[in-house]
Amino acid sequence: MKVQLQQLLEQTVASLKQQGIIPADAQPRVQVDRTKDKSHGDLATNLAMMLSKAAGKNPRELAQLIIDNLPESSLVTKVDIAGPGFINFFLNPLWLVEQVEAALIDPRLGIEPIADPQTIVVDYSSPNLAKEMHVGHLRSSIIGDAVTRTLEFQGHKLVRQNHVGDWGTQFGMLLAYMEELQAKGQEINSNLSNLEVFYRAAKQRFDESEAFATRARNLVVELQSGDEHCNQLWREFNEVSLSHCQETYDRLGVSLTRADVRGESAYNDDLNQVVADLDQAGLLKEDQGAKCVFLDEFKNKDGDPLPVIIQKKDGGFLYATTDLAAMRYRQRELNADRVLYFVDARQGLHFQQVFTVARNAGFVKPATSLEHMPFGTVMGEDGKPFKTRSGTVAKLADLLTEAQNRAYDLVKSKNPDMAEQDLRNIADVVGIASVKYADLSKNRTSDYMFSFDQMLSFEGNTAPYLLYAYTRVASVFEKAEVNASELTGSVLLEHEKELDLASKLVQFNEVITSVARLGYPHLLCNYLYELAGLFSSFYEACPILKAETEAQKQSRLKLAWLTARTLKQGLSLLGINTLERM
RNA sequence: GCGCCCUUAGCUCAGCCGGAUAGAGCAACGGCCUUCUAAGCCGUAGGUCGAAGGUUCGAAUCCUUCAGGGUGCGCCA
């Protein structure tokens, strides 16, 4: 509804320009805000105050002219001038009814597919295969996934890229340890079942034995030079580690698959070409034996231009090189219009640098948008980066199990007589949803405090609150013994709570647009929480099955139904499943 | 030293391309289950928006300075 009003005001501005009331070169950003106070109507604009100076009129006088020139529309019933020159708009309930009815009969809830779809490459999750996924991977995986799903729903073409860390020096250590186990006749697969343990054991051998360490370093060289034995071990290791990741994705409801994996190693063959291209472009300089690109935009400690090291003096490559190769690939092969990186905020400088290099080298077209979507660190309750009591980083799988167990206890206490299987299913969904929602509902860019108790409190602004609202609708329909498709009559917005609910329902598309543009899933969380809240109030204040008239009952069932579908769709964009019962 | 980010209620967080009395949740206190699931609803209380200047009709929001915290800055990723 904001958008519609904005369009009306744009027309008004054009008309006022024609009449010479405001200068033709004025380019006001037409801003429409939702009001906080009902006495100010539903929507307001400050347009008159913005333009008053340019028009040489006092704001209230100009406001009147704006109102006089506003095109006819069924959107609003009343327009007022208030305070210093605000224009307040009162929404026409009949217009709301139309919107609600239209959304009800549309599988996409009234949200049109986007007119100009883009190819959007999303780089997210990207764990290091040397270790098991831990809490640190949670944010990238689920925030990236939520934004990906939202963009996909809008109608864009999404290419997921799981840029896993499957290359680098630490693999020498791991391969050496695999060799050692093999020599002892041990089953490697079972040893790899717990990657954390495996990694620590390999590290220990590396630290305690010089011979082992030497072997590890040699294996890195052999691996990079394409030695078949080495590559065999390496593939075996990655296979196991990737299947661990996939288990976690499936459990978490992250939409990544094996087909989306394109790890660092996939760019090995491109690295020399990247160096050659940079050299060709005249960007490369040798410094202290390393090949670097110096960027005047960035300074180091001494105020000198900051280098991006492309190739080490020993000939090895660094992650900047791989990232550049990936950008080149994403432009040339994937034809990206937009590339999003859901990566820790601490890598901000790195991305600023490689984005700049990639542009200077022509790896990406000027029109292609490269966007680092940073997120903050997950902190423990002591305010330091999250660790377990033993000081190690918490395994993601253990975290999820803990969440599901806590949810199970709660579900059981609420439903003592429920069948075990059902309890388990509900608890699993609630547990996962809680963990995801706790993260998604916070502003991506800030660090946040990880707390089991808050994440799994199941009260207030949490996933269970939203799921609960959804099950209430499901329950009503079960009791009513009607199908949504059988509902008759038109929506009636008589009660204040009905109006509020309808008004919120109609705002769904605005939120999706914002999430898609900015990559902030918490905006959708906020919206869904407000929607569920308004529904809960409506549910208390407006009896559905015991409504006063049949027409009222039908209307309320429709409102409830659209609420449920909006919640389900919204949660689905967040990668969260709903339940019919809990 | 330089860059980026942060500082809002006791706690955890929204709000930040300026807008009308600063919002939630938790915790606290008081109501509401013979009526559609109380994982809920209704209400009370709680804030010099880190500090000081500035721009503006109007600043939590923009600019400057300062304080405190975080994070990053050449051969790890």
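Proteins get letters first, then strands, A, B, ... in listed order; numbering begins at 1 in each.
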Distance check, [atom1] atoms only: [N] and [M], in whole angstrom units.
| N | M | atom1 | value |
| --- | --- | --- | --- |
| B/G18 | B/C49 | C1' | 15 Å |
| B/A9 | B/A67 | C1' | 22 Å |
| B/C76 | B/G15 | C1' | 39 Å |
| B/A51 | B/C6 | C1' | 16 Å |
| B/A24 | B/U8 | C1' | 13 Å |
| B/G72 | B/A77 | C1' | 14 Å |
| B/U34 | B/A14 | P | 40 Å |
| B/G50 | B/A22 | P | 15 Å |

(message) Heavy-atom nearest nucleotide on RNA chain B for A/Phe294 versus A/Gly533: which residue maps closer to 5'?
(response)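 Result: A/Gly533.
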(request) Between A/Ser475 and A/Asp314, just flag the one whose closest nucleotide in RNA chain B comes earlier from the 5' side. (result) A/Ser475
Answer yes or no: is there an ion pair linking [X] with [Y], defined by an N-O contact shorter than 4.0 Å?
| X | Y | result |
| --- | --- | --- |
| A/Arg34 | A/Glu510 | yes |
| A/Asp123 | A/Arg330 | yes |
| A/Glu530 | A/Lys504 | yes |
| A/Arg581 | A/Asp422 | yes |
| A/Asp344 | A/Arg346 | yes |

Mind checking [X] for me? I need base, sugar-phosphate or nothing, with any heavy atom below 4.0 Å counting as a touch.
| X | value |
| --- | --- |
| A/Gln311 | nothing |
| A/Val411 | base |
| A/Tyr448 | sugar-phosphate |
| A/Tyr468 | base |
| A/Ala345 | nothing |
| A/Lys313 | base |
| A/His522 | sugar-phosphate |
| A/Leu467 | nothing |
| A/Asp304 | nothing |
| A/Asn443 | sugar-phosphate |
| A/Thr471 | base |
| A/Ala560 | nothing |
| A/Ser536 | sugar-phosphate |
| A/Asn526 | sugar-phosphate |

(request) Walking along RNA chain B from 5' to 3', note the first and the last nucleotide with an atom under 4.0 Å from a heavy atom of chain A, and give both. (result)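 Taking any atom under 4.0 Å from a heavy atom of chain A, the span is B/G1 to B/A77.
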(request) Mind listing the residues from residues 540-554 of chain A sitting with a heavy atom below 4.0 Å of RNA chain B? Number order is fine. (result)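 Going residue by residue through residues 540-554 of chain A, the ones with a heavy atom under 4.0 Å of RNA chain B turn out to be A/Glu540, A/Cys542, A/Pro543, A/Ile544, A/Leu545, A/Lys546.
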(message) Counting only heavy atoms and a strict 4.0 angstrom limit, can you tell me which residues of residues 50-58 of chain A come near RNA chain B?
(response) A/Lys53
Using the six-membered ring of [Y], assess whether NZ or CZ of [X] lies under 6.0 Å from its centre and within 45 degrees of the ring axis.
| X | Y | result |
| --- | --- | --- |
| A/Arg444 | A/Tyr520 | yes |
| A/Lys131 | A/Tyr199 | yes |
| A/Arg139 | A/Phe342 | no |

(message) Below 30° counts as parallel, above 60° as perpendicular, anything between as tilted: where do the rings of A/Tyr329 and A/Tyr267 land?
(response) perpendicular
(request) Decide, for B/C11, between syn and anti: a glycosidic angle within 90° of 0 counts as syn, anything else as anti. (result)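 Anti, which is what one calls it when the glycosidic angle falls more than 90° from 0.
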(request) Determine the sole option in A/Ser125, A/Pro127, A/Ser126 for which the side chain to side chain contact (heavy atoms under 4.5 Å, CB included) test with A/Val164 is passed. (result)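 Option passing the side chain to side chain contact (heavy atoms under 4.5 Å, CB included) with A/Val164: A/Pro127.
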(message) Name the residue from A/Leu318, A/Ile310, A/Thr321 that meets the side chain to side chain contact (heavy atoms under 4.5 Å, CB included) definition with A/Leu271.
(response)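 One option only clears the test, and that one is A/Thr321.
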Per-pair distances, 0.1 Å, donor-acceptor, side chain in residues 38-52 of chain A, under 3.5 Å, sequence neighbours excluded:
unit_1  : atom_1 : unit_2   : atom_2 : d
A/Lys38 : NZ     : A/Asp500 : OD1    : 3.4
A/Ser39 : OG     : A/Asp37  : OD1    : 3.0
A/Asp42 : OD2    : A/Leu91  : N      : 2.7
A/Thr45 : OG1    : A/Gln31  : O      : 2.8
A/Thr45 : OG1    : A/Leu47  : N      : 3.2
A/Ser52 : OG     : A/Met49  : O      : 3.3

Give every donor-acceptor pair under 3.5 Å between a side-chain atom in residues 461-472 of chain A and any protein atom, sequence neighbours left out.
unit_1   : atom_1 : unit_2   : atom_2 : d
A/Asn461 : OD1    : A/Tyr437 : OH     : 2.6
A/Tyr470 : OH     : A/Glu580 : OE2    : 3.2
A/Thr471 : OG1    : A/Tyr468 : O      : 2.7

(request) Test A/Glu550 against A/Gln554 for side-chain hydrogen bond (donor to acceptor under 3.5 Å, both in side chains), laying out the working first. (result) CA-CA 6 Å; A/Glu550 182 59 24; A/Gln554 293 288 320; 2.9 Å; yes
(request) For RNA chain B, write out the stems as range with range, using runs of 3 or more consecutive Watson-Crick or G-U pairs with both distances under 3.5 Å. (result) B:1-7 with B:67-73, B:10-13 with B:23-26, B:28-32 with B:40-44, B:50-54 with B:62-66
(request) Heavy atoms only: give me the nearest A/Leu195-A/Glu132 pair and the separation to one decimal. (result)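 Looking at all heavy atoms of both residues, the shortest contact is N-OE1, 3.2 Å.
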(message) Ring centroids only, cut at 6.0 angstrom: are A/Tyr341 and A/His163 within range, meaning strictly under it?
(response) no
